[in-house]
Student: 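Take this structure, written in structure tokens, and hold onto it; I'll ask about it next.
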Amino acid sequence: MPELDIREPRSQPLAISEAAHRPADEVLEGLGSGVEGVSGGEAARRLAELGPNALRTHQASGWSVLGRQLRSPILILLLVTAGLSLFLGDATNSIVIGVILLVSVGLGFSNEFRAERAAEALHSRVTHRAVVVRDGTPQEVDVTALVPGDVVHLAIGAIIPADMRLLSAEDLLCDESILTGESMPAGKDPAPVPAAAALGDLTSCLFMGTVIQAGNCAGVVVSTGGRAEFGRIALALGERQPQTEFQRGLQGFSYLLLQVAIGLTSLIFLANLLLQRPVIESLLFSLAIAVGITPQLLPAIVSTSLATGTRQLAKRKVLVKRLVCIEDLGDMDVLVTDKTGTLTDGRISFTAALPTGPGISASDLLTLGLLATEADYAESQASPVGLNPLDAALWTSTDAATFAPARYVRLDVIDFDHLRRRTSVLVSEAGAAARIVTKGSPEDVLALCGDTPASVQAMLDEQFNAGSRVLAVATRAADGLSAIGPADEKDLVLAGFLIFLDRPKANVRASLDRLEELGITVKIATGDNPKVAEKVCDELGVLSGGTLTGGDVEALSDPELAAAAREASIFARVSPEQKARIIRLLRRSGGSVGFMGDGVNDALALHAADVGISVDSATDVAKDAADVVLLDKDLGVLAEGVMEGRRIFANTIKYVLMGTSSNFGNMFSAAIASVVLSFLPMLPGQILLNNLLYDAGQLAIPGDRVDPEQLLAPSHWDIGFIRRFMFLFGPISSLFDFATFALMLFVFDAVPGEFRAGWFIESIVTQTLIIFVIRTRRVPFFRSRPSVGLVGASLGVMALGVYLPLSPLAGVLGFDPLPVPFFLALLGMAVVYLVMVEMAKLWFYARAAQQPVPPRTAAVRRRGRTHHIARRAARFSTAKAGPLLHYRGPGWRRRQTGHKGPHVPRVPVR
């Protein structure tokens, strides 16, 4: 990625530690702002001066891609040696080598750059916005456009977009673990703190990258981008994202090939020197062998696969925010999902009002339920937009049409929260005495009403057992009160129950079966009563491994909950914090955990999961927290995404196995022949041309078909497996190379030009045909058909490989014409070779050592703090290189990009 421009600001902004101990109005004055924020023009001026609130840039850079293509030391050494050869007079061979290398680099560059452009377009489609007051008017702006002095409003689940000084707060708790490492949320309050307080004790401030766990607030932006505490840490890690398991596997594979290449080329070079062959020729040949072993187009194959996967997922109504999210999807083996809209239709309907209180009718109970609503009564009756699903169902019911909002005056309201799980209002009717009306989960409301009669409990249990969703309504007189708080929710009298129905989806059983086939364990986390969740699962035929309630979760220690969560299938009446805790403990147990949710209460769990999944109809907070957005809230759509992730991995492994078998075999053959023969078996340029043609054909692999059994479980890199594969199939390839050598020398009495042409054609043909055998564990063509693109590319490469030694370019490339009987012999040898490889493949995969490792016995994968910092920092990304400042203490300095170590500084906590 390109470096962001560094500029010096015209004025130094306030440090967050200094803002923390000043009164809020003084901080606003110091930032040149007020409760109405800054003007649009002033915000634009500050943005131009200070730069975007960004920590990353996702602009595709052609120079960066070209640099990656050219950074191979073997490639550079080969170019230098070819240049030296040209200087010494071997112009033809040097020019051939140079042209082939340029075409090879260009091929890799064009494919990888195209994938980078796709990634840039993907990033640009995903925006993260914040509600900002500018010119006295609330408006949504991109988080990267925030400037010091902006007044920002935030609610539960939001990620703090910058370092901010609180102006107002209501029951505010923040998860600051990404900075402090502390698992407990930090309470926040606008009151100034002592001047000597450590950063972890700055309760009057909010820090970029942390998450609001409860409450809501307003604050003024003090520091943005690299000047924020989180920004300083994220920039210290550098632009490079931490490696995924997939990328670490690629690195391990590269190390394996590097060891083989160094050993083989060193032996070849020394052997040729001992045979007193020209030094330059020997060096060129040795380096060409090294290039032949190295899968130069592997980065392009991976990038193309990911970009292709993104397009395929978009067609299947799955939007991924970053390319690596596709790998994470394919890796998933545990999915925790909410119930509403996933297992059920999500179309909640009000079915009945069941009064329990003395003298209360069903219509009276419905009226009380309508009164206990946070939104304005008149607006709610006119439109249910913005209401929660249960209130929306209540207001759109036919009986609600007779409600007269003008008769009631709401004096105060206590909003719903996920700890109390209820809403209370203080309301009066037509000048009568005020009363409190509370509506919420039956368990929590009944706890405020004293003893529950057995008949009332039986009525409630009957509804739960039927799978109904239930809200309890209670009330009491509140004479003399003009405002209420949670302490006033007491001594209530139960008025009755409001009954709702949300039917199971018709096709969800098939989707659950499909996920089970893919090796994914589905667990349900819901705020509903456990009996309701169990009833839905029973109707769907889902076998439950047990149920844990919020009370159970609270009572268990982390080790106890980790063990219980692995077995349980349903988590009922769980709070947002408990959902996030369950996700974290499931991740520690091994495997990759996905969470699917669409509400504000799901944001914390979405942040905690390996893969956060939301839907297009979700709340903005949930979509903002997710890595993957489904355009349809359908588990079947999610299964398509999982399969696409696994298909990409499977196709990448195909390329790796093909390269390690045929490439290694051919280069090993060349090494042996160079020692035994009196001439080089193939010129350096011919080896590079062979490698180029073969790699070009492999670019069709990302679009190849994958056998169904390869998608049934997450796959992981196994370097031992690749090594065993290489040392079995490589020698088989070499065996037929040696047969070709014998044919050319003893049957056709070939001169060097004929020998090289014969081996070049045999090598291209066998390397290309073996693709169809190795790409599947099944019988090729009959039980596993390759894609049309792969067949076409392979046939085209073979045709070109056969044509070049016979073409007018043959002399330039160092080839001589071949006799016709050679091609008949080649046909027979190719058939025998393919049959032998197929038999070896059946034997290889039948051995126990090649069987896949069960997911739960695989090594536990832990994603460290560095991974989560980088993932969080990705939301603060800009498509254009712009000014970015890194602030630490007094004064400004350029950011440090050289630090790549694992150490991540933590904010001190007292």
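For the single chain, residues carry numbers from 1 onward in sequence order.
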Student: How would you list all residue pairs meeting salt bridge (charged side-chain N to carboxylate O under 4.0 Å, His left out) that involve residues 457-474, not counting sequence neighbours?
Tutor: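 Matches after skipping sequence neighbours: Asp461-Lys531, Arg469-Asp528.
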Student: If I compare all heavy atoms of Thr396 with all of Ala393, which pair ends up nearest, and what's the gap?
Tutor: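 Smallest heavy-atom distance, with atoms named: OG1-O, 3.3 Å.
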Student: Decide yes or no for Met332 and Val642: does some side-chain heavy atom of the first lie under 4.5 Å from some side-chain heavy atom of the second?
Tutor: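 Of all side-chain heavy-atom pairs linking Val642 with Met332, at least one is under 4.5 Å.
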Student: Does any non-hydrogen side-chain atom of Ile524 lie less than 4.5 Å from one of Leu343?
Tutor: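 They are in contact (side-chain heavy atoms under 4.5 Å apart), so the answer is yes.
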Student: In Å, rounded to the nearest 0.5 Å, how long is the span from CD1 of Ile583 to CG of Leu585?
Tutor: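 Atom-to-atom, Ile583:CD1 and Leu585:CG are 9.5 Å apart.
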Student: Work out which heavy atom in Cys217 is nearest to a heavy atom in Leu206; give both atom names and the distance.
Tutor: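 Shortest heavy-atom contact: SG-CD1, 3.7 Å.
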Student: Would the Phe350 and Phe500 ring centres measure less than 6.0 Å apart?
Tutor: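 Yes.
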Student: Take His607 and Asp175 through the test side chain to side chain contact (heavy atoms under 4.5 Å, CB included) and record every step on the way to the result.
Tutor: CA-CA 11 Å; His607 291 310; Asp175 176 6; over 6 Å; no
Student: Considering only heavy atoms from C-beta outward, does the side chain of Ile570 approach that of Cys537 to under 4.5 Å?
Tutor: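 A side-chain contact under 4.5 Å exists here.
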Student: Of all heavy-atom pairs between Leu540 and Pro504, which one has the smallest distance, and what is that distance?
Tutor: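 What the structure gives for the nearest pair is CD2-CB, 3.8 Å.
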Student: Please assess Lys579 against Asp602 for the test salt bridge (charged side-chain N to carboxylate O under 4.0 Å, His left out), listing each intermediate value before the final yes or no.
Tutor: CA-CA 8 Å; Lys579 287 182 184 179; Asp602 294 319; 2.7 Å; yes
Student: Are the charged groups of Arg435 and Asp479 less than 4.0 angstrom apart, N to O?
Tutor: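 No, Arg435 and Asp479 are not salt-bridged.
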Student: Taking all non-hydrogen atoms of both residues into account, name the closest pair between Pro190 and Ser168 and its distance.
Tutor: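 Reported closest heavy-atom pair: CG-CA, 3.8 Å.
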Student: Mark yes or no for whether Arg581, through its side chain, and Val553, through its backbone, hold a donor-acceptor pair below 3.5 Å.
Tutor: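 Present.
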Student: Measure the CZ-CG distance between Arg566 and Leu561 for me, rounded to the nearest 0.5 Å.
Tutor: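 Going from CZ on Arg566 over to CG on Leu561, the span is 10.0 Å.
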Student: Answer with yes or no whether the side chains of Asp364 and Thr367 bring together a donor and an acceptor at under 3.5 Å.
Tutor: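 There is no such pair between these side chains.
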Student: Pair Val437, Val473 - check side chain to side chain contact (heavy atoms under 4.5 Å, CB included), show working.
Tutor: CA-CA 7 Å; Val437 183; Val473 182; 4.1 Å; yes
Student: In Å, rounded to the nearest 0.5 Å, how long is the span from OG of Ser441 to CZ of Arg420?
Tutor: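 Rounded to the nearest 0.5 Å, the OG-CZ separation comes out at 10.5 Å.
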Student: Pair Lys188, Leu166 - check side chain to side chain contact (heavy atoms under 4.5 Å, CB included), show working.
Tutor: CA-CA 8 Å; Lys188 297 291 181 177; Leu166 276 174; 3.7 Å; yes
Student: If we only count heavy atoms from C-beta on, is the Leu498 to Leu394 side-chain gap below 4.5 Å?
Tutor: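 Yes, their side chains come closer than 4.5 Å.
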Student: Quick check: does any side chain N or O of Ser614 sit under 3.5 Å from a backbone N or O of Gly597, one acting as donor and the other as acceptor?
Tutor: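 Yes: the side chain of Ser614 pairs with the backbone of Gly597.
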Student: Can you check side chain to side chain contact (heavy atoms under 4.5 Å, CB included) on Thr356 and Phe497, steps first, answer last?
Tutor: CA-CA 8 Å; Thr356 60; Phe497 301 115; 4.1 Å; yes
Student: If we count only N and O atoms by modelled type, under 3.5 Å, do the side chains of Ser424 and Glu489 hold a donor and an acceptor together?
Tutor: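 Looking only at side-chain atoms, Glu489 and Ser424 do form a donor-acceptor pair, the distance falling under 3.5 Å.
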Student: Can a salt bridge be assigned to the pair Arg587 and Asp610 using a cut-off of 4.0 Å between side-chain N and carboxylate O?
Tutor: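 Result for this pair is yes, salt bridge flagged.
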Student: Is there side-chain contact between Leu335 and Leu638, with heavy atoms separated by less than 4.5 Å?
Tutor: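 They are in side-chain contact.
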Student: Any heavy-atom pair between the side chains of Leu366 and Leu370 that's under 4.5 Å?
Tutor: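 Yes, side chains in contact.
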Student: When you look at CD of Glu554, are more than 12 heavy atoms from neighbouring residues, nucleotides or ligands closer to it than 6.0 Å?
Tutor: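 Incorrect, the count does not exceed 12.
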Student: Could Lys523 and Glu567 be called an ion pair, given the rule that one side-chain N must be under 4.0 Å from one carboxylate O?
Tutor: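 No salt bridge links Lys523 with Glu567.
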Student: Is the shortest side-chain heavy-atom distance between Leu448 and Arg422 below 4.5 Å?
Tutor: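 Side-chain contact under 4.5 Å: yes.
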Student: When rounded to the nearest 0.5 angstrom, what is the spacing between CD in Glu577 and CG in Leu173?
Tutor: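 The CG atom of Leu173 is 7.5 Å from CD of Glu577, to the nearest 0.5 Å.
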Student: Taking the side chain from Ser511 and the backbone from Leu635, do they hold a donor-acceptor pair closer than 3.5 Å?
Tutor: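 Looks like no, no N/O pair under 3.5 Å.
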Student: Please determine if Arg584 and Asp558 form a salt bridge, counting it only when a charged side-chain N lies under 4.0 Å from a carboxylate O.
Tutor: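 Answer for the salt bridge query: no.
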Student: Apply salt bridge (charged side-chain N to carboxylate O under 4.0 Å, His left out) to residues Lys439 and Asp391 and explain how you reach the verdict.
Tutor: CA-CA 10 Å; Lys439 179 179 69 181; Asp391 276 349; 2.5 Å; yes
Student: Among Ile436, Leu411, Thr438, Val425, whose side-chain contact (heavy atoms from CB on, under 4.5 Å) with Ile484 holds?
Tutor: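 When Ile436, Leu411, Thr438, Val425 are each tested with Ile484, the side-chain contact (heavy atoms from CB on, under 4.5 Å) holds only for Ile436.
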Student: Nearest 0.5 angstrom please: Asn529 CG to Thr549 OG1, how far?
Tutor: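 It is 10.0 Å, given to the nearest 0.5 Å.
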Student: Do Ser592 and Asp331 have a side chain donor and acceptor closer than 3.5 Å?
Tutor: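 Looking only at side-chain atoms, Asp331 and Ser592 do not form any donor-acceptor pair under 3.5 Å.
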Student: Taking Arg129 for the side chain and Glu140 for the main chain, is one N or O donor matched with an acceptor at less than 3.5 Å?
Tutor: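 Flag set: sc Arg129 to bb Glu140 pair under 3.5 Å.
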Student: Begin from the C-alpha positions of Glu539 and Arg509 and carry the test salt bridge (charged side-chain N to carboxylate O under 4.0 Å, His left out) through to its verdict.
Tutor: CA-CA 10 Å; Glu539 290 183 4; Arg509 178 66 257 179; over 6 Å; no
Student: List the residues meeting side-chain contact (heavy atoms from CB on, under 4.5 Å) with Ala352, not counting sequence neighbours, and say none if there are none.
Tutor: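 Result, side-chain contact (heavy atoms from CB on, under 4.5 Å) vs Ala352: Leu354, Ile499.
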Student: For Gly550, is there any backbone N or O sitting under 3.5 Å from a side-chain donor or acceptor partner on Gln578?
Tutor: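 Checking the backbone N and O of Gly550 against the side chain of Gln578, a donor-acceptor pair under 3.5 Å is found.
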Student: Can you confirm whether Glu516 is buried at CD, in the sense that more than 12 heavy atoms of other residues, nucleotides or ligands lie under 6.0 Å from that atom?
Tutor: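 Open: at most 12 neighbouring heavy atoms sit under 6.0 Å from CD of Glu516.
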Student: What pair of heavy atoms forms the shortest contact from Met459 to Pro355, and how long is it?
Tutor: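 Shortest heavy-atom separation between Met459 and Pro355 comes out as CE-O, 4.5 Å.
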Student: State, with a plain yes or no, whether a side-chain heavy atom of Ile520 is found less than 4.5 Å away from one of Val334.
Tutor: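 The answer is no; the side chains never approach within 4.5 Å.
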Student: Is it the case that the side chain of Ser468 and the backbone of Phe464 share a donor-acceptor pair, with hydrogens and angles ignored and the cut-off at 3.5 Å?
Tutor: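 Side chain of Ser468 to backbone of Phe464: no pair is present.
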Student: Can Arg476 and Asp491 be counted as an ion pair, charged N to O under 4.0 angstrom?
Tutor: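 No, no charged N to carboxylate O under 4.0 Å.
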Student: What are the two closest heavy atoms between Ala495 and Ile360, and how far apart are they?
Tutor: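 It is CB-CD1, 3.6 Å.
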Student: How long is the span from the CZ atom in Phe230 to the CD1 atom in Ile159, to the nearest 0.5 Å?
Tutor: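 One finds 8.5 Å between CZ of Phe230 and CD1 of Ile159.
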Student: Please enumerate all residues that pass ring-ring contact (aromatic ring centres under 6.0 Å, His included) together with Tyr408, with sequence neighbours excluded.
Tutor: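 Per chain and number, Tyr408 pairs via ring-ring contact (aromatic ring centres under 6.0 Å, His included) with Phe403.
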Student: Indicate yes or no: does Arg421 engage Glu443 in a salt bridge with an N to O separation below 4.0 Å.
Tutor: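 Between Glu443 and Arg421 there is no salt bridge, as every charged N stays at least 4.0 Å from the carboxylate O atoms.
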